[in-house]
Amino acid sequence: MRKNFILAVFALVSSLAMAQEKCFWVFFTDKNDTQFDPYSYFDAKAIERYQRNGADLYDLSNYPLNDSYVSAVNAYSTEVFGESRWLNALGIEATDDNAALIAQLPFVARVQEIVSNGILARVETDFEAVTGDTTKLLTDQLKRFGGQHFIDKGINGKGLRICVMDGGFPKVNTHPAFKHLRDNNQILKTYNFPNKKEDVYGWSTHGTMVLSCIAGINDKGQMMGLAQGAEFLLARTEIDPEPFKEEVWWAQGAEWADKNGADIINSSLGYGKDRHWTKDMDGTSYVAKAAQKAVEKGILICNSAGNEGDDRRWMTIITPADAENVLTVGGIEDDLENYRHISFSSFGPTADKRMKPNVVAFGLAEVANPSGGYTSAYGTSFSSPLTAGFCACAWQTMRDKTALQMKAEIEKSADLYPYFDYAFGYGVPQAAYFTGDLKPVERSFNLVQEKDGVRIAIPKTVTGQYMFINVEGADGVLLGYYMASPDPTGIFMNSKDFGQGKKLNVSYNGFYDSCPISGMGGDISIAANNSHIYGQDGTFKNVKEEGWQKTTFFQYDYNLPNSTFNGFSRHFAFGRRWMYGKTYKIGMGLGLDWNRFVHNNKDRDIHPFHDQVMLRNMQLRGELLQRIVLRRFGLNWDLGGYGGINITRRMRITDKTYITDDMGQPIPDNTCSKKVTTYYNCKNMELFEYGAFTRLSYSIQNMFNIGVYGSYRLSPVITKDDVPIGTKPSPWSFGIEIELVP
């Protein structure tokens, strides 16, 4: 019976997993028998946008879903929580069994489990009151775009309509940062998709901070974003900690924005490492498809690249930032003198090696604090809305452009264009490009072909200006990219380190040049005299398909004492684990264990002449486990079973001979001799051991997990009852574990 316990535990957990309700996309085969009138469905601004972009108002994607199909699926569902016209699909909750029945309906093309988890693209936010002079940060977050050129010409996004999709907008209806929007009725519509109502003025504070980066004004009358004159649609599409439904709500939010005439969508959120593999970040997710469809209908989408730059296991961006036609925005440090990638901002490329991000902006911004006043906050969440406000102003100067054309113009305006890399994209967009104030750029370096390579010769260095260098393969994929602070001796690129068909791209002080390079192939090297070099190894950024995840673990625990095994009984182990999955993982482990059980015969009531009995063994142990990852809380919960074979079995018995009293009882304080007997390969100890365990650990910066665990030994330690050690050791043990994540 005991041997079946572990199997029973796995069966129980697995059956619970199978029986629980899950979220699914249900895709229909057609839209037969549906009717659609775009002129009664769309806002007048939407119709105008369709016509300006040459989009088809009568496109089949705009038609509603077939009501009879929806009703039939609803009969098998616990809940229908959303629908998408563009994808011709429903978002439902159902059991696996009912999902299988739905898949058999003749008008259902397929049923697919939703395995994405919404992440607001931010890092830790400092909500302490901003003290001292806040003008510098405020000025810099707009000055970095050259925003004064827009301000001087009265360009403020007027005539543009921006939809902000986020997790909530508390106090936007009362905070003074948005008074001008309320007074001028610039917030046109709101909708809360999780709660199916119009109220969005609560829940996550994230949306309030994001909106302030587009159009907020602080208590000094200073602008926090550039699009003061734009109109706004506010959509709540995220809920914390709901892990499954946001992708449906994102698609619904985009369709709602389309219907209500949005020109721009800001999406400071995305779906990535919590449930997706990096290979999925290739623009094929359903939320990426919805984003692509929005661009086809004339909407420019600004989306945060994500905050996974510090995660060595996630070397790409998030979706829908991976969509081809989305303007993906990364983050840089809030510094006008130094041009540095901010550590948490996600790197490109996409899984299919396309260039992302497109542009960058500050990843630290002054924002409206929903609790009152203003604060500073980190995250690519804020680089995206800062850019969205910029885009509204830029589009105001080129109103005849389509969304796709405008995306290209934003890229061309960036201060590194046409140079790009996977950290900075094309750089920071510049307002002067759109206002006619862009000054001609002078040549700042020469590319000189030498015998062994290419020298980047710098006639005159410019204080505070970094040189950006990349090596591009024939397929357009970067092999490496670098930043350097050169001196007049220049930088030398050794040609022997490059294969045929490679291209060198360089940008310095606003000037760009390139040249072909060739050689025998090999690793990329860069040499500069007295130069400070920052490297981003392109090969390091290559996206690989994840497989089994390997970890190394160390355990230390204490066996609970009982009446006789009351000494310091301990267990130490180390080994490796192999797991597969994202939120739900299955895996196995293999390790070496050392155990020690100690019986100190203090009362001498069982075996009077045995002072101490110690059992030792070294064990080769394997484990099978199930892990549930609660990523929003940084927790991992394991449940599983283990089994092992004792490689060595050793018993040590310490006997003391005592002087006895007149009654024949030993006198402990009068020891006259001591004898230690050790039995190797002790037959009194079991050869095999097995049991069950549970473990709860906390993940620290995706580098290691530290936690506590408990185990219950099902097998006995001792084979016979007549050995001189009294009762058997307790089966319970508790301890700590450190798990290293490569």
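Each residue takes its place number in the sequence, starting with 1.
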Checking [X] side chain against [Y] main chain: does a donor-acceptor pair fall under 3.5 Å?
X    : Y    : answer
Q292 : N325 : yes
R236 : S204 : no
T328 : A321 : yes
S444 : Y508 : yes
N470 : L504 : no
E324 : G283 : no
Y422 : L478 : yes
Q430 : R144 : yes
T380 : S383 : no
S346 : E308 : yes

Mind checking whether [X] and [Y] have side chains closer than 4.5 Å, heavy atoms only?
X    : Y    : answer
D166 : S268 : yes
P385 : V164 : no
L336 : K143 : yes
H341 : V360 : no
L635 : Y698 : yes
W203 : I239 : no
L160 : D263 : yes
V506 : M467 : yes

Among E409, K412, H149, whose side chain to side chain donor-acceptor pair (under 3.5 Å) with Y433 holds?
E409
Sole candidate of R577, R627, K585 that passes side chain to side chain donor-acceptor pair (under 3.5 Å) when paired with Q549:
K585
Is it true that the side chains of [X] and [Y] contain a donor and an acceptor less than 3.5 Å apart?
X    : Y    : answer
Y466 : N338 : yes
T350 : D282 : no
H206 : S381 : yes

Mind running side chain to side chain contact (heavy atoms under 4.5 Å, CB included) on K407 and L300 for me, showing each step along the way?
CA-CA 7 Å; K407 172 178 172 287; L300 177 65; 4.0 Å; yes
Closest heavy-atom pair and its distance - [X], [Y]:
X    : Y    : result
T387 : V359 : CG2-CG2, 4.2 Å
Y419 : S507 : CB-CB, 3.7 Å
A227 : I162 : CB-CD1, 4.2 Å
G389 : I214 : CA-CG2, 4.0 Å
K502 : L479 : CE-CD1, 3.2 Å
V287 : P320 : O-CB, 3.9 Å

With rounding to the nearest 0.5 angstrom, report the [atom1] to [atom2] distance, [X] to [Y].
X    : Y    : atom1 : atom2 : answer
I469 : M483 : CD1   : CE    : 10.5 Å
L447 : C515 : CG    : SG    : 4.5 Å
I458 : Q465 : CD1   : CD    : 12.5 Å
D415 : Y426 : CG    : OH    : 13.5 Å
S345 : I332 : OG    : CD1   : 9.5 Å
F362 : L386 : CZ    : CG    : 9.0 Å

Anything under 30° is parallel, anything over 60° is perpendicular, the rest tilted; go ahead and classify [X] against [Y].
X    : Y    : value
F390 : F434 : perpendicular
Y378 : F344 : perpendicular
Y339 : F424 : perpendicular

S699 and N636: CA distance, side-chain angles, deciding distance, side chain to side chain contact (heavy atoms under 4.5 Å, CB included) verdict
CA-CA 7 Å; S699 180; N636 306 292; 4.3 Å; yes
Give the intermediate values and the outcome of side chain to side chain contact (heavy atoms under 4.5 Å, CB included) for residues T278 and W314.
CA-CA 7 Å; T278 54; W314 184 267; 3.4 Å; yes
Count the heavy atoms belonging to other residues, nucleotides or ligands that lie under 6.0 Å from CG of L438, then report whether that count exceeds 12.
yes
Got a sec, which residues hit side chain to side chain contact (heavy atoms under 4.5 Å, CB included) with A254, two or more places apart in sequence or on another chain?
W86, W250, I265
Can you list the steps and then say if F420 with E411 is a side chain to side chain contact (heavy atoms under 4.5 Å, CB included)?
CA-CA 10 Å; F420 72 91; E411 292 173 340; over 6 Å; no
Do W395 and F150 have ring centroids that are under 6.0 Å from one another?
no
